[in-house]
Number of protein chains: 2
Amino acid sequence: MSTRDKIIDAAMTIVRDAGVGKLTLDKAATVAGISKGGVLYHFRSKDDLIRGMVQRLTDQCDQINQSYYAQEPEGPYRWARTLVRACFDPNGPANDPVGGALLAAVTLNPLLMEPIHAMYAKWRERLSSDSPDIVRAGLVCTAMDGLYFQRLMGIHRGDQGDARRLMEFALTLLSPSNPGAAP
Amino acid sequence: MSTRDKIIDAAMTIVRDAGVGKLTLDKAATVAGISKGGVLYHFRSKDDLIRGMVQRLTDQCDQINQSYYAQEPEGPYRWARTLVRACFDPNGPANDPVGGALLAAVTLNPLLMEPIHAMYAKWRERLSSDSPDIVRAGLVCTAMDGLYFQRLMGIHRGDQGDARRLMEFALTLLSPSNPGAAP
DNA sequence: GGTTCTGTACCGGCTGGACGGTATAGCCAA
DNA sequence: TTGGCTATACCGTCCAGCCGGTACAGAACC
């Protein structure tokens with residue numbers, strides 16, 4: 001694993017364990033096992049580090065979504081179903097400290113949220129492309145967002161069983177027997 | 001309006017307009033029209049100020065929920081319907097800078113999130129008390145959370161018409177024609 | 001009704017420490 | 001020996017929290 005990746009990992013871990021406010025270049029260096037100078041060699045500034053974290057997040061989301069999309073059967077709501085499945089992947093971004101990137105960006109410099117906005121725009125486009133009822137798909141996906149943010153903020157709701165039931169219900173809402181309004 | 005409230009207002013405004021990272025005691029004092037000493041008279045520390053902000057948030061949520069609950073007709077999912085309505089109140093916490101309290105807390109000291117956790121616990125309890133299908137109610141309310149957090153992070157999804165349609169669909173899912181599984 | 005005491009509200013300067021960023025020197029593999 | 005990478009030392013700035021002080025309003029006492 002490259003030093004650059006190690007630094008990003010360290011930053012993510014700090015954010016998850018101690019909060020965004022505790023993320024400093026010094027600490028990121030210590031956790032990554034190098035010195036601050038080393039960090040600043042790979043990232044020209046703290047903003048640059050956050051950018052790296054955000055990119056890691058968006059890359060990971062893209063990757064997992066593509067992978068689930070390939071597995072998901074064709075038909076209406078294919079993208080929405082993909083997003084639901086991805087949200088419950090135990091190894092996906094939804095259960096990774098990688099989400100801390102979001103908090104770091106919105107806290108330290110809202111401009112760094114730009115890639116996130118772009119990602120959302122892409123999702124919205126994909127959802128529209130194959131959802132017979134975009135309101136239905138939107139609600140379900142917004143619920144996935146809610147779940148994601150709750151996890152991010154340490155607001156856990158129920159156990160694994162609850163999560164599974166939630167996923168199943170979300171998929172039910174997106175099943176062929178619930179096509180919703182025609183476009 | 002008391003000086004204390006003025007300070008909290010100022011802090012909220014700063015968070016909304018400039019981001020959590022820009023919230024300092026000095027700036028809060030300036031915006032509130034007093035000195036830093038004055039701020040520290042009312043709040044013993046910055047953490048204490050955040051606590052005040054969080055309490056303002058939870059109080060406001062409580063108040064608006066109680067008010068909508070009173071207006072909401074009896075029957076299954078009354079609490080869930082209440083939460084949906086409250087989420088779309090243009091004057092409610094969902095559309096107020098008061099939400100910045102959440103970001104401030106999670107950023108500066110996750111321990112300060114405790115009242116938020118307590119609030120969620122109460123909501124969950126209420127939801128369970130009158131939802132024939134708690135999974136259904138949970139999904140809808142999680143979607144409301146998603147909407148809230150999206151707004152908080154500046155990720156807007158659609159216009160007012162979209163919001164209205166989303167609310168109507170959420171209420172449809174909670175209507176008597178959709179009772180869901182029996183308890 | 002003047003004087004002294006006490007508590008509340010607020011002010012503004014100060015300091016010590018943390019933090020982002022720079023400069024520079026050292027290490028090591030190709 | 002050059003270039004990629006890392007360590008160390010340092011600087012300037014910012015900020016939380018502290019503290020000595022002011023203003024003022026009521027109470028208490030004479």
Side-chain angles (χ1 to χ4, degrees), chain A residues 1-56 100-113, chain B residues 1-56 100-113:
Chain A
M1 179 189 257
S2 73
T3 303
R4 195 187 150 89
D5 281 335
K6 258 188 269 184
I7 296 168
I8 293 184
D9 274 1
M12 302 286 194
T13 307
I14 293 166
V15 170
R16 183 198 50 192
D17 293 347
V20 190
K22 294 284 158 54
L23 174 60
T24 68
L25 296 179
D26 246 324
K27 200 162 235 162
T30 307
V31 174
I34 63 169
S35 74
K36 196 168 84 167
V39 170
L40 279 162
Y41 174 79
H42 291 280
F43 301 95
R44 286 192 306 197
S45 68
K46 192 173 178 179
D47 272 11
D48 207 32
L49 172 58
I50 312 282
R51 256 188 290 273
M53 294 165 74
V54 170
Q55 179 159 18
R56 163 88 69 94
L102 226 162
L103 284 177
V106 85
T107 298
L108 296 175
N109 186 352
L111 292 179
L112 301 175
M113 288 287 285
Chain B
M1 178 190 258
S2 73
T3 304
R4 196 187 149 89
D5 281 336
K6 258 187 268 181
I7 297 168
I8 294 185
D9 274 2
M12 301 286 195
T13 308
I14 292 166
V15 170
R16 183 198 51 192
D17 293 347
V20 190
K22 293 286 157 50
L23 175 61
T24 67
L25 296 180
D26 244 326
K27 198 162 236 163
T30 306
V31 173
I34 62 170
S35 75
K36 194 166 78 166
V39 170
L40 279 164
Y41 174 78
H42 289 280
F43 300 95
R44 286 193 306 198
S45 66
K46 192 172 178 179
D47 273 10
D48 207 33
L49 172 58
I50 312 282
R51 257 188 289 273
M53 294 167 74
V54 169
Q55 179 160 16
R56 164 87 67 93
L102 226 162
L103 283 178
V106 85
T107 297
L108 296 175
N109 186 352
L111 291 178
L112 302 175
M113 288 287 285

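Chain naming here is simple, since letters A, B, ... match the order of the sequence lines and numbering starts at 1 in each.
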Indicate every side-chain donor-acceptor pair of residues 1-14 of chain B with a distance under 3.5 Å to a residue at least two apart or in another chain.
unit_1, atom_1, unit_2, atom_2, d
B/S2, OG, B/D5, N, 3.1
B/S2, OG, B/D5, OD2, 3.4
B/D9, OD1, B/R56, NH1, 2.8
B/D9, OD1, B/R56, NH2, 3.3
B/T13, OG1, B/D9, O, 2.8

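Remark: A/V20 pairs with A/V15, A/L103, A/A104, A/T107, B/T107 by the side chain to side chain contact (heavy atoms under 4.5 Å, CB included) rule, at least two apart or across chains. In this structure, the salt bridge (Lys or Arg N to Asp or Glu O under 4.0 Å) partners of A/D48, at least two apart in sequence or on a different chain, are A/R51.
Here side chain to side chain donor-acceptor pair (under 3.5 Å) pairs that include residues 15-39 of chain B, with residues two or more places apart or in two chains, number zero.
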For side chain to side chain contact (heavy atoms under 4.5 Å, CB included), just list the numbers for B/D47 and B/L111, CA-CA rounded to whole Å, side-chain angles, deciding distance to a tenth of an Å, and then say yes or no.
-> CA-CA 10 Å; B/D47 273 10; B/L111 291 178; over 6 Å; no

Carefully, step by step, assess B/M113 and B/L102 under the rule side chain to side chain contact (heavy atoms under 4.5 Å, CB included).
-> CA-CA 7 Å; B/M113 288 287 285; B/L102 226 162; 3.7 Å; yes

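The minimum heavy-atom distance between B/V106 and B/P110, with the atom names listed, is O-CG, 4.1 Å. Shortest non-hydrogen contact noted between A/V54 and A/A105 is CG2-CB, 3.9 Å.
Chain A approaches DNA chain D over the interval D/dG4 to D/dT8, counting the first and last nucleotide 5' to 3' with an atom under 4.0 Å from its heavy atoms.
Note: A/L108 CG to A/I50 CD1 = 4.5 Å, rounded to the nearest 0.5 Å. Atom NZ of A/K46 sits about 11.0 Å away from atom CG of A/N109, to the nearest 0.5 Å.
For the contact set between residues 2-13 of chain B and DNA chain C, defined by any heavy atom under 4.0 Å, the members are B/T3.
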Each nucleotide N or O in nucleotides 19-22 of chain C that has a protein N or O under 3.5 Å away: list the pair and distance.
unit_1, atom_1, unit_2, atom_2, d
C/dG20, OP1, A/K46, NZ, 2.7
C/dG20, OP2, A/L25, N, 3.1
C/dG20, N7, A/K36, NZ, 3.0
C/dG21, OP2, A/K46, N, 2.9
C/dG21, N7, A/K36, NZ, 3.1
C/dG21, O6, A/K36, NZ, 2.6

For nucleotides 6-8 of chain C, list the nitrogen or oxygen atoms of the protein found under 3.5 Å from its nitrogen or oxygen atoms, one pair per line.
none

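Summary for the helix from C/dG1-D/dC30 to C/dA30-D/dT1: the axes at its two ends, each from 5 pairs, differ by 20° when rounded to the nearest 10 degrees.
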